[in-house]
Amino acid sequence: MVHWSLKRHNSWVQLAGHEGNFKPSERGQILKKFSQVENSCLEALMQDVLRPYVPTYYGVVEKEQEKYIRMEDLLQGLERPSIMDCKIGVRTYLEEELAKALQKPTPRKDMYQKMVKVDPEAPTAEERAQQAITKPRYMQWRESISSTATMGFRIEGITMEGGTVQRDFKQIRTKEQIMETFLSFTRRRKDILAAYQSRLESMKVALQESAFFKTHEVIGSSLLFVHDTKGHANVWMIDFGKTLAAPSHMSLRHDVPWQVGNHEDGYLLGLGNLAETIKSTIHQ
Ligand code: ATP
Ligand code: MG
Ligand code: MG
């Protein structure tokens, strides 16, 4: 279960993730609750061509008997930043999570409730009779209501100029809706949209060269868009808690559809669609 929260310690704002997963640190740094998977990724990324696109990693620290990953605060130096968290990829669960859910497809009443809350029409007649759905069904339905399955990314949350966090994007699917969202997020500033687009273009080049990227299935990771009223604008790759090394014989393409077993994440499909959508807002 994801809890949305807004936390402020100086400039710190959190758009996603469990509350309590983050702690402020020294100036310019933050602490994220330790995960072995994410820690290994950040360590490897510091030696990869993707280094300029991820928060700088400063190692592991222990505070009050809890381990944390220390990394760069990407909001450092920005004045009243506007932030958007975009989750990349055509699915947001691991193949092993789906396999596990398929092994025990117990009907779940809680997931049924979550589904009808978003779309009362979504359950089938049989599911309605049971007032329950299975977890794999819920997982796949969830990807289909947002732009994840079709576009390879979805907007998770936005905050603008120190305002409250908006998280009502679960059902945003079309290119037009996403263009509208980017226009309002940037207050129609073409210079900021152009900066975002060129950063995504150079990120794409680095991704195609990256040894890390070829060998990792990147799931549930986000692009964090940040800009401020002075016109500073940047995009960063964050959240590697579900980024796993692919089986050793596999070299992933990231631009082909996912089929169970191929470990493809659609990351480049998402990045391409995102860059293309931003480009359209600039030229409209
Ligand atoms: P989830 O898996 O539910 O998305 P999580 O606990 O793995 O959450 P992240 O997604 O890594 O957490 O981060 C949550 C939010 O915290 C991001 O949306 C962003 O707003 C903020 N954040 C994360 N890392 C940084 C960073 N290095 N600098 C600034 N803000 C960050
Ligand atoms: Mg995240
Ligand atoms: Mg995460």
Side-chain angles (χ1 to χ4, degrees), residues 1-43 45-46 50-61 66-89 91-94 97 139 142-143 146 148 153-170 181 185 216-228 232-244 265 267 270:
M1 168 103 176
V2 176
H3 295 279
W4 294 87
S5 65
L6 171 65
K7 281 195 168 174
R8 269 167 228 268
H9 306 283
N10 306 319
S11 68
W12 171 243
V13 181
Q14 184 182 335
L15 285 189
H18 293 264
E19 229 175 296
N21 268 10
F22 289 88
K23 252 189 188 319
S25 182
E26 282 99 88
R27 223 177 135 66
Q29 298 174 3
I30 55 157
L31 303 180
K32 180 174 177 182
K33 202 166 268 178
F34 179 84
S35 105
Q36 186 58 59
V37 171
E38 183 153 41
N39 193 61
S40 316
C41 287
L42 285 168
E43 241 170 26
L45 283 163
M46 289 303 99
L50 289 176
R51 182 180 171 129
Y53 301 92
V54 299
T56 305
Y57 166 76
Y58 297 110
V60 182
V61 286
E66 189 79 64
K67 265 165 91 180
Y68 293 90
I69 294 170
R70 201 147 67 99
M71 66 175 105
E72 179 185 1
D73 177 1
L74 301 169
L75 306 180
Q76 170 70 13
L78 297 181
E79 229 165 87
R80 302 205 327 139
S82 295
I83 313 162
M84 178 193 283
D85 181 307
C86 256
K87 218 164 241 199
I88 307 293
R91 63 189 155 101
T92 60
Y93 49 81
L94 293 164
E97 289 176 307
M139 288 160 79
R142 219 177 147 264
E143 313 291 47
S146 72
T148 288
F153 71 89
R154 71 163 175 254
I155 299 169
E156 287 278 289
I158 289 181
T159 180
M160 286 172 64
E161 297 170 17
T164 52
V165 174
Q166 307 161 47
R167 55 185 175 83
D168 216 11
F169 304 101
K170 273 198 193 75
T181 308
F185 171 60
H216 284 76
E217 180 180 353
V218 186
I219 301 297
S221 176
S222 286
L223 291 178
L224 197 69
F225 291 78
V226 291
H227 65 266
D228 70 4
H232 297 119
N234 219 335
V235 189
W236 305 90
M237 297 171 67
I238 63 160
D239 196 358
F240 303 102
K242 283 193 191 184
T243 295
L244 297 182
D265 51 31
Y267 196 100

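In each ligand, atom 1 is the first atom listed, and ligand 1 is the first ligand listed.
In this structure, E143 contributes its side chain and T92 its backbone to a donor-acceptor pair below 3.5 Å. Checked by atom type and distance alone, the side chain of E38 pairs as donor or acceptor with a backbone atom of F240 at under 3.5 Å. When atom types are taken as modelled, the side chain of R70 and the backbone of G59 share no donor-acceptor pair closer than 3.5 angstrom. Side-chain atoms of D228 never come within 3.5 Å of backbone atoms of L78 as a donor-acceptor pair (strictly under, hydrogens ignored).
At a 4.0 Å heavy-atom cut-off, ligand 1 touches D85 through the side chain alone. Of the heavy atoms in F22, only side-chain atoms (C-beta onward) come closer than 4.0 Å to ligand 1. Under 4.0 angstrom from ligand 1, the non-hydrogen atoms of K87 all belong to its side chain. Contacts of N21 with ligand 1, taken as heavy-atom pairs under 4.0 Å, involve the side chain alone. Of all the heavy atoms of M71, the ones lying under 4.0 Å from any atom of ligand 1 belong exclusively to the side chain. Within the 4.0 Å heavy-atom criterion, neither part of I83 lies near ligand 1.
For L224, no nitrogen or oxygen atom sits less than 3.5 Å from a nitrogen or oxygen atom of ligand 1, counting backbone and side chain alike. Taking any N or O of K32, backbone or side chain, at least one lies under 3.5 Å from an N or O belonging to ligand 1. Considering both main-chain and side-chain atoms, D239 comes within under 3.5 Å of ligand 1 through a nitrogen or oxygen pair.
Donor-acceptor pairing under 3.5 Å is recorded for the side chains of S222 and D85.
Taking 2.8 Å as the threshold, D239 counts as a candidate ligand of the Mg ion (ligand 2), since one of its N, O or S atoms lies below it.
Applying the 4.0 Å criterion to heavy atoms of D73 picks out, from ligand 1, the atoms 28 (N), 29 (C). Each of the atoms 17 (C), 23 (C) of ligand 1 lies under 4.0 Å from some heavy atom of I238. For ligand 1, the atoms sitting less than 4.0 Å from at least one non-hydrogen atom of E72 are 26 (C), 27 (N), 28 (N), numbered in the order shown with element in parentheses. For ligand 1 and Q14, the ligand atoms under 4.0 Å from any heavy atom of the residue are 15 (C), 16 (O), 20 (O). Per-residue contacts place V13 under 4.0 angstrom from the following atoms of ligand 1 (heavy atoms of the residue considered): 20 (O), 21 (C).
With values rounded to the nearest 0.5 angstrom, T159 atom OG1 is found 7.5 Å from Q166 atom CD.
No more than 12 heavy atoms of other residues, nucleotides or ligands lie within 6.0 Å of CD in E79, so this atom counts as exposed by the packing criterion.
Look at E97 and K242 and you find a salt bridge, because one of the NZ, NE, NH1 or NH2 atoms lies within 4.0 Å of a carboxylate O, short of that distance. A salt bridge links E156 with K87: the closest approach of a Lys/Arg side-chain nitrogen to an acidic carboxylate oxygen falls below 4.0 angstrom.
Exactly one of L223, V235, T181 qualifies for a side chain to side chain contact (heavy atoms under 4.5 Å, CB included) with M84. That residue is T181.
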